[in-house]
**Q** 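Below: one structure in structure tokens.
Within every chain, numbering begins at 1; the chains are lettered A, B, ... in the order of the sequence lines, protein sequences first and strands thereafter.
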2 protein chains.
Amino acid sequence: MKAADSNGASGAGPQRRVTINEVARCAGVSKTSVSRYLGGELSALSEDMRRQIERAIAELDYRPNQMARGLKRGRSRLVGMVVADILNPYSVAVMHGVEVACRQRGYALMLCNTAGDDELERRHLAALASYSVEGLIVHTTSQHTRDLLDAAAHGLPVVAVDREISGLAADMVGIDNRQAASVATEHLIAQGYRDLLYLSEPLDHVNPRIERLAAFEAVLAQHPACRGRALALDVHASARLDQALGDFLAATGPGPRAVFAANGVVTLETTRALRRLGCRLFEDTGLIGFDELEWCALVGSGITTVAQPTYDIGVTAAQCLMRRIEGDRSAPRQTLYRGELIVRGSTQPVAR
Amino acid sequence: MKAADSNGASGAGPQRRVTINEVARCAGVSKTSVSRYLGGELSALSEDMRRQIERAIAELDYRPNQMARGLKRGRSRLVGMVVADILNPYSVAVMHGVEVACRQRGYALMLCNTAGDDELERRHLAALASYSVEGLIVHTTSQHTRDLLDAAAHGLPVVAVDREISGLAADMVGIDNRQAASVATEHLIAQGYRDLLYLSEPLDHVNPRIERLAAFEAVLAQHPACRGRALALDVHASARLDQALGDFLAATGPGPRAVFAANGVVTLETTRALRRLGCRLFEDTGLIGFDELEWCALVGSGITTVAQPTYDIGVTAAQCLMRRIEGDRSAPRQTLYRGELIVRGSTQPVAR
DNA sequence: TTGTATGCGTTATCAG
DNA sequence: CTGATAACGCATACAA
């Protein structure tokens, strides 16, 4: 005789939930006492009263209403995550870490996808605010972050993932782009590649993109024997990408040549383009990619990558945020992980 | 003179938000009128009053507090999505559709990952309930769905993605597994494969897994010239998978042979295993996979897949849910999409 | 140690 | 058309 209720078919009743009042009545105490019990003020309750409350709660299967709780205390125990592209494996992996860390500390997660649209981001931030989220984890590319800045200025804790937000002195957690990009570039050179193409999405003032490129160029400057060029373009424009890649392949000398893909999306699109251009993966042309993706080991002789600890980044971001929420007012912190080189066949040059 | 506030550094103020009272005062009307305005009762307001309210709202940048709103009206405009594996590309793609559809109708999305853990699922459902979510979109594998059933019995609308939930007459949206699996199997046979291995994750009473297998066997029964076997195992146990795959390869006749991977995870692990076993992809052994993944075209000669319209599935699931939330009491509906065969090199047999 | 009264920001029910 | 006033479910200052 449970879960049977009065409603015959599925989804009928307006689901009246048990309130603290009913628990109080059932336990024969005042709702204040129940509230105290819930608030963990165990020291201020007599033994049998506590037992009664416990019984009543179990019997009625009472769950406190977070809406009411949040309204009263001003704490919603809600965290918002704003992501530019929910389909990006990097974002998803970070999200995974965020979700775990939030749940462990009793926060729930509201997810928003801006699809790279600034107006949408505005609306999402407004929506999140309307739910009184206590903090924000942000991984977007947008430039018009007025609303984000406003939110932060109004005292809402914000943690940026993978990039700094210009004008916002917020916590940030990501990767050491200079280290990671240097390691990758040096690896290519050590493997004997002499013509290098750095391929990135449009820089758009996105911090890590700029830093990675800078590191690439810095390393290259130390190796005069190497020729390098860098291109930032919309890699989803296949024709343009093919053109750019083709130009590079045509212009290189007889020695080994390789492409450095600046992130996971670029790795994917570059691999596709190389195939379209009829390259044998990866004999014609070497390839190294930022971001370890589940399929990198599977294509051709395997794609060498610089892996990021995405899960840890997510966990750290969330922990960082929750510390802020719980009152930490110290200076903004940056947590940078190191990129880890995973060597595969795509960076073993083969004589052409 | 905006966003400057009193706080010097970041994250100081307890972010007092503008309330309906202040809007009312600023507009020189009662808060009831403001509430009416917000509720869209435009017909019941004089022109200038309406203008005043509009001005005040804009001037103060007022945003209604969803917490309070939800508390009063009992409608939180919140939808919960419970997923077994947030890292599964299928789940993510569906989530994408869900997010878009929810936003369009003004619902926000709370995301939960159960990581296949029943206890975690319990807790997540409890948490979602505590936030008064108005509906649930569920994509899990769990068997102990007591809490889910309870929730539904209490009148909470639930939409299942990709599978039916036993004991729950809820809406469902997914793919026509019999059609899709049949198409795939018939394709293999038409291509000349004579030894077929169907590889699945443990059936565990998960509906689509059972249906796909059944379709495979049904088609096979019509082709006596074909030998088929089916295996359901934890594909993450590499050693066991290698063993199983090795056994199959050893036992087959001289004719073409192929593996049917029952979902995206199996496709990934099978491809890894084939590589470990030293197979040339896909000359030794053909492969067809359920779920189109972004990398399928890239490995070897390309992996033939049966694609699902994941985005549409997500959109439909969300729309379906919101219809229920808004009062639709009609009989539970099933929406089944068709799988689309995408032929690539992995199903072009090559003489061994 | 326990209970009463008040208010969080909204909407809904009434009177005017 | 408009505005007091009472809930919504909970937490908390205050009183007992």
**Q** Considering only heavy atoms of chain B and a distance under 4.0 Å, specify the first and last nucleotide of DNA chain D in 5' to 3' order that meet this criterion.
**A** D:dC1 to D:dG9
**Q** Taking the side chain of B:T19 as its heavy atoms from C-beta onward, which of C:dA12, C:dT10, C:dG3 lies nearest to it?
**A** C:dT10
**Q** Without decimals, in angstroms, what is the distance between B:R73 CZ and C:dA12 C1'?
**A** 11 Å
**Q** Students often get this wrong, so: under 4.0 angstrom with heavy atoms, is A:Y37 touching a base, only sugar-phosphate, or nothing?
**A** nothing
**Q** B:Q66 and B:R69: side-chain donor and acceptor closer than 3.5 Å?
**A** no
**Q** Tell me whether A:D171 is salt-bridged to A:R333, with the criterion being a basic N under 4.0 Å from an acidic carboxylate O.
**A** no
**Q** For B:N21 and C:dC8, what is the distance between atoms CG and C1' respectively, to the nearest whole Å?
**A** 11 Å
**Q** Atom CE of A:M49 and atom P of C:dT2: how far apart are they, to the nearest Å?
**A** 4 Å
**Q** Counting C-beta onward and ignoring hydrogens, is there a side-chain heavy-atom pair between B:L128 and B:M110 closer than 4.5 Å?
**A** yes
**Q** Taking 4.0 angstrom as the limit, do B:R146 and B:D150 come out as a salt bridge?
**A** yes
**Q** Taking atom types as modelled, is there a side-chain donor on A:E22 or A:Y62 under 3.5 Å from an acceptor on the other?
**A** no
**Q** Would the base of C:dG9 count as contacting B:R63 through its side chain, where contact means a donor and an acceptor less than 3.5 Å apart?
**A** no
**Q** Write down the distance between CZ (B:R25) and P (C:dG9), rounded to a whole number of angstrom.
**A** 12 Å
**Q** Ignoring hydrogens and geometry, is there a side-chain-to-backbone donor-acceptor pair from A:R329 to A:R324 under 3.5 Å?
**A** no
**Q** Pull out every residue in residues 52-59 of chain B that has a heavy atom closer than 4.0 Å to any atom of DNA chain D, ordered by number, or say none.
**A** none
**Q** When you match B:R69 and B:R36 each to their closest nucleotide on DNA chain C, which lands nearer the 5' end?
**A** B:R69
**Q** Taking the nucleotide of DNA chain C with the closest heavy atom to each, which residue, B:I20 or A:S46, is nearer the 5' end?
**A** A:S46
**Q** NA contact type, A:M67, heavy-atom cut-off 4.0 Å: base, sugar-phosphate, or nothing?
**A** nothing
**Q** Taking atom types as modelled, find out whether A:H124 and B:E99 have a side-chain donor-acceptor pair closer than 3.5 angstrom.
**A** yes
**Q** So, the side chain of B:R17 versus the backbone of B:R63: is there a donor-acceptor pair under 3.5 Å, distance only?
**A** yes
**Q** Quick one: on DNA chain D, does B:T32 or A:K31 contact a more 5' nucleotide (nearest heavy atom)?
**A** B:T32
**Q** Report the distance from atom NZ of B:K72 to atom P of C:dT10, rounded to the nearest whole Å.
**A** 13 Å
**Q** Could you check B:I137, B:L148, B:L125 and say which one makes a side-chain contact (heavy atoms from CB on, under 4.5 Å) with B:V82?
**A** B:L125
**Q** In whole Å, what is the span from the CG atom of B:N65 to the C1' atom of C:dG7?
**A** 14 Å
